[in-house]
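Side chains are part of it too, since the values below use all heavy atoms of this structure and drop only hydrogens, waters and symmetry mates.
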Amino acid sequence: MNAALALRAAAARLEPVSGTPRLDAELLLAHVLGRSRGDMLLRQRDLDAPAAFDALVERRLAHEPVAYITGMRDFWTISLTVTPDVLIPRPDSETLIEAAVAHFVGRAPQTILDLGTGSGALLLAALDQWPQARGLGVDISTAALDVARGNADRLGMGARADFMASDWTAGIEGCFDLILVNPPYIARDVALGADVLREPHGALFAGPEGLDDYRRIAPQLLRLLAKDGMAAIEIGFDQSDSVSALLRGAAMDVVAHRDLAGHDRCLVATHKR
C-alpha cells in the first residue's frame with residue numbers, strides 16, 4: 001500500500017482513540033520511514049508504507065503516546081529524546097520560555113535553574129535561546145536525569161548544563177537569574193485519559209488539590225532568585241489564584257501569562273519592587 005492510502009486507513013483506525021488521528025498517523029509513518037514529516041507528505045504518493053507501520057499503529061491503538069513510540073518530541077526550538085521515564089513536553093509549557101524572553105528584553109540571563117527538569121525541555125530550550133547562559137536541572141528521578149543529560153549532550157549543550165538529583169530545592173545554593181518550575185499540579189482524584197496515564201504519575205499528581213509541590217517550592221524561591229531575575233512557574237488552568245496567593249505569601253510580586261488557549265498557564269514571580 002502506498003503511503004497516501006496507508007495514512008488514510010491508519011487515521012480512520014486511530015479516530016476512536018485520538019483527538020489528532022491524522023497527525024498521529026503522519027508522525028508514525030514518517031518515523032518508520034526515517035524521514036521528516038514534511039518530506040514524507042510531499043512524497044506520500046511515491047512511497048510505500050513498510051509493514052512495521054502497522055505495528056506502530058497497533059501500539060497507538062493501545063493508548064501508547066506517539067512521543068513514546070517515536071522516542072522524540074519537538075519543543076520550542078529543539079527536538080528532545082523522550083522515554084516513559086519522563087513527562088512528554090507540551091506546547092503549553094513553552095509559555096514559560098515566552099514569558100522569560102519578554103522579561104529579559106535587551107539582556108540575557110546568565111544562570112538558569114530548572115526545578116523538575118524531566119527530559120530537560122525547559123532548561124535546554126532556555127540554553128538554546130541564550131547561548132552564553134549556563135544552567136542546572138534538578139529532578140528527584142535519576143532515570144529522568146539520565147534522559148536530560150542525554151538530551152543536553154546530543155544538542156551540544158553538555159558543557160553548559162549540569163544536572164542534580166534533589167527533592168526540589170534541597171541542597172541548592174546560590175542565586176539564579178531565571179528559575180523555571182514545572183511541578184506536578186493535577187489533583188489526585190482528577191480522571192485522566194488513558195494516554196496521559198502512561199506518563200510518570202510522580203510528574204502528574206500533587207495531592208488532593210494539586211498544590212502540594214507549590215506549597216513546598218514557593219517559600220524557597222526568593223532565596224534562589226537574583227535581584228533582577230524572574231521565576232516562571234507553570235500552573236493548571238484553574239490554579240492562578242491559589243498559586244499566586246502562595247507566591248505573594250512568600251513576599252514575591254506575581255503576574256500571570258496566558259497560553260494559546262487563553263488560560264493562565266505561567267506565573268512570573270519576582271522580587272517585590
Side-chain angles (χ1 to χ4, degrees), residues 67-68 71-101 109-131 133-186 199-206 212-214 216-218 220-221 224-225 229-235 265-269:
Y68 289 161
M72 297 295 296
R73 180 76 164 201
D74 291 338
F75 183 81
W76 195 244
T77 54
I78 58 178
S79 293
L80 297 155
T81 297
V82 295
T83 76
D85 291 312
V86 298
L87 198 70
I88 298 168
R90 288 161 166 78
D92 286 347
S93 298
E94 294 182 357
T95 309
L96 277 67
I97 304 297
E98 292 170 355
V101 169
Q110 298 300 305
T111 53
I112 301 169
L113 173 63
D114 181 17
L115 296 174
T117 196
S119 65
L122 287 169
L123 175 61
L124 298 175
L127 292 179
D128 194 55
Q129 182 71 33
W130 294 289
R134 294 187 57 88
L136 172 64
V138 177
D139 207 291
I140 198 170
S141 166
T142 56
L145 290 172
D146 287 342
V147 175
R149 286 191 189 96
N151 278 321
D153 290 341
R154 186 176 53 80
L155 293 167
M157 301 180 193
R160 295 194 290 131
D162 296 316
F163 296 94
M164 172 182 172
S166 178
D167 189 3
W168 294 124
T169 61
I172 302 175
E173 302 295 337
C175 287
F176 299 84
D177 299 319
L178 172 59
I179 301 177
L180 301 163
V181 190
N182 185 10
Y185 55 71
I186 298 174
E199 300 183 62
H201 287 196
L204 294 171
F205 298 102
D212 284 7
D213 291 296
Y214 295 118
R216 297 182 56 203
I217 294 167
Q220 301 298 320
L221 287 177
L224 294 170
L225 187 63
M230 63 163 281
I233 303 122
E234 182 163 338
I235 58 171
R265 183 62 60 185
C266 169
L267 296 181
V268 170

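Expressed to the nearest 0.5 Å, how far CG of Asp74 lies from CG of Leu80 amounts to 8.0 Å. Rounding to the nearest 0.5 angstrom, the gap separating the CG atom in Leu124 from the CE atom in Met157 is 5.5 Å. In this structure, CD in Gln129 is found 10.0 Å from CD in Glu98, a value given to the nearest 0.5 Å. Ser79 OG to Asn151 CG: the interatomic distance, rounded to the nearest 0.5 Å, is 9.5 Å. To the nearest 0.5 Å, the span separating CG on Leu96 from CG on Leu180 amounts to 6.0 Å. For the atom pair CG (Leu224) and OG1 (Thr111), the distance works out to 10.5 Å, reported to the nearest 0.5 Å.
With sequence neighbours excluded, the residues satisfying salt bridge (Lys or Arg N to Asp or Glu O under 4.0 Å) with Arg149 are Asp146. Applying the side chain to side chain contact (heavy atoms under 4.5 Å, CB included) criterion to Ala218, with sequence neighbours excluded, gives Leu246, Leu247. Among residues two or more places apart in sequence or in another chain, the side chain to side chain donor-acceptor pair (under 3.5 Å) test is passed with Gln220 by Arg223. The salt bridge (Lys or Arg N to Asp or Glu O under 4.0 Å) check on Asp162 picks up Arg134, with sequence neighbours excluded. Remark: Ala144 pairs with Val86, Asp139, Ser141 by the side chain to side chain contact (heavy atoms under 4.5 Å, CB included) rule, at least two apart or across chains. Partners of Asp85 under the salt bridge (Lys or Arg N to Asp or Glu O under 4.0 Å) rule, at least two apart in sequence or in another chain, do not exist in this structure. Scanning for ring pair (Phe, Tyr, Trp, His ring centres under 6.0 Å) contacts around Tyr185 gives an empty result, with sequence neighbours left out. Take Glu199 and apply the salt bridge (Lys or Arg N to Asp or Glu O under 4.0 Å) test, not counting sequence neighbours, and it matches Arg90. A search for side chain to side chain donor-acceptor pair (under 3.5 Å) contacts involving Ser166 returns nothing, not counting sequence neighbours. Qualifying side chain to side chain contact (heavy atoms under 4.5 Å, CB included) partners for Leu225, counting only residues two or more places apart in sequence or in other chains: Ile179, Met252, His271. For Ala148, the side chain to side chain contact (heavy atoms under 4.5 Å, CB included) partners at least two apart in sequence or on another chain are Thr117, Phe163.
Counting all heavy atoms, side chain and backbone alike, Arg160 lies closest to Pro131 at NH1-O, 3.1 Å. Of all non-hydrogen atoms in Val138 and Trp168, the two that sit nearest each other are CG1-O, 3.4 Å. The two residues Ala126 and Leu178 make their nearest non-hydrogen contact at CB-CD2, 4.4 Å. Scanning all heavy atoms of the two residues, the minimum distance from Pro84 to Pro200 falls at O-CG, 3.4 Å. The minimum heavy-atom distance linking Ala232 with Cys266 is given by the pair CB-SG, 3.9 Å. Of all the heavy atoms in Leu122 and Phe75, the pair that sits closest is CD2-CZ, 3.8 Å.
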(request) For Ile233 and Leu221, run side-chain contact (heavy atoms from CB on, under 4.5 Å): C-alpha distance rounded to whole Å, both residues' side-chain angles, the deciding distance at 0.1 Å, then the answer. (result) CA-CA 11 Å; Ile233 303 122; Leu221 287 177; 4.0 Å; yes
(request) Under the side-chain contact (heavy atoms from CB on, under 4.5 Å) rule, what do Asp212 and Phe205 come out as? Steps first, then yes or no, please. (result) CA-CA 9 Å; Asp212 284 7; Phe205 298 102; over 6 Å; no
(request) Give the intermediate values and the outcome of side-chain contact (heavy atoms from CB on, under 4.5 Å) for residues Thr81 and Met72. (result) CA-CA 5 Å; Thr81 297; Met72 297 295 296; 3.7 Å; yes
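Judged as a salt bridge (Lys or Arg N to Asp or Glu O under 4.0 Å), the pairs with a partner in residues 165-175 (not counting sequence neighbours) are, in order, Asp167-Arg216.
Judged by distance alone, the side chain of Arg73 and the main-chain N or O of Pro89 form a donor-acceptor pair under 3.5 Å.
A heavy-atom distance below 4.5 Å is found between the side chains of Leu115 and Ile217.
Only one option out of Ile112, Leu136, Asp114 pairs with Phe176 in a side chain to side chain contact (heavy atoms under 4.5 Å, CB included); it is Leu136.
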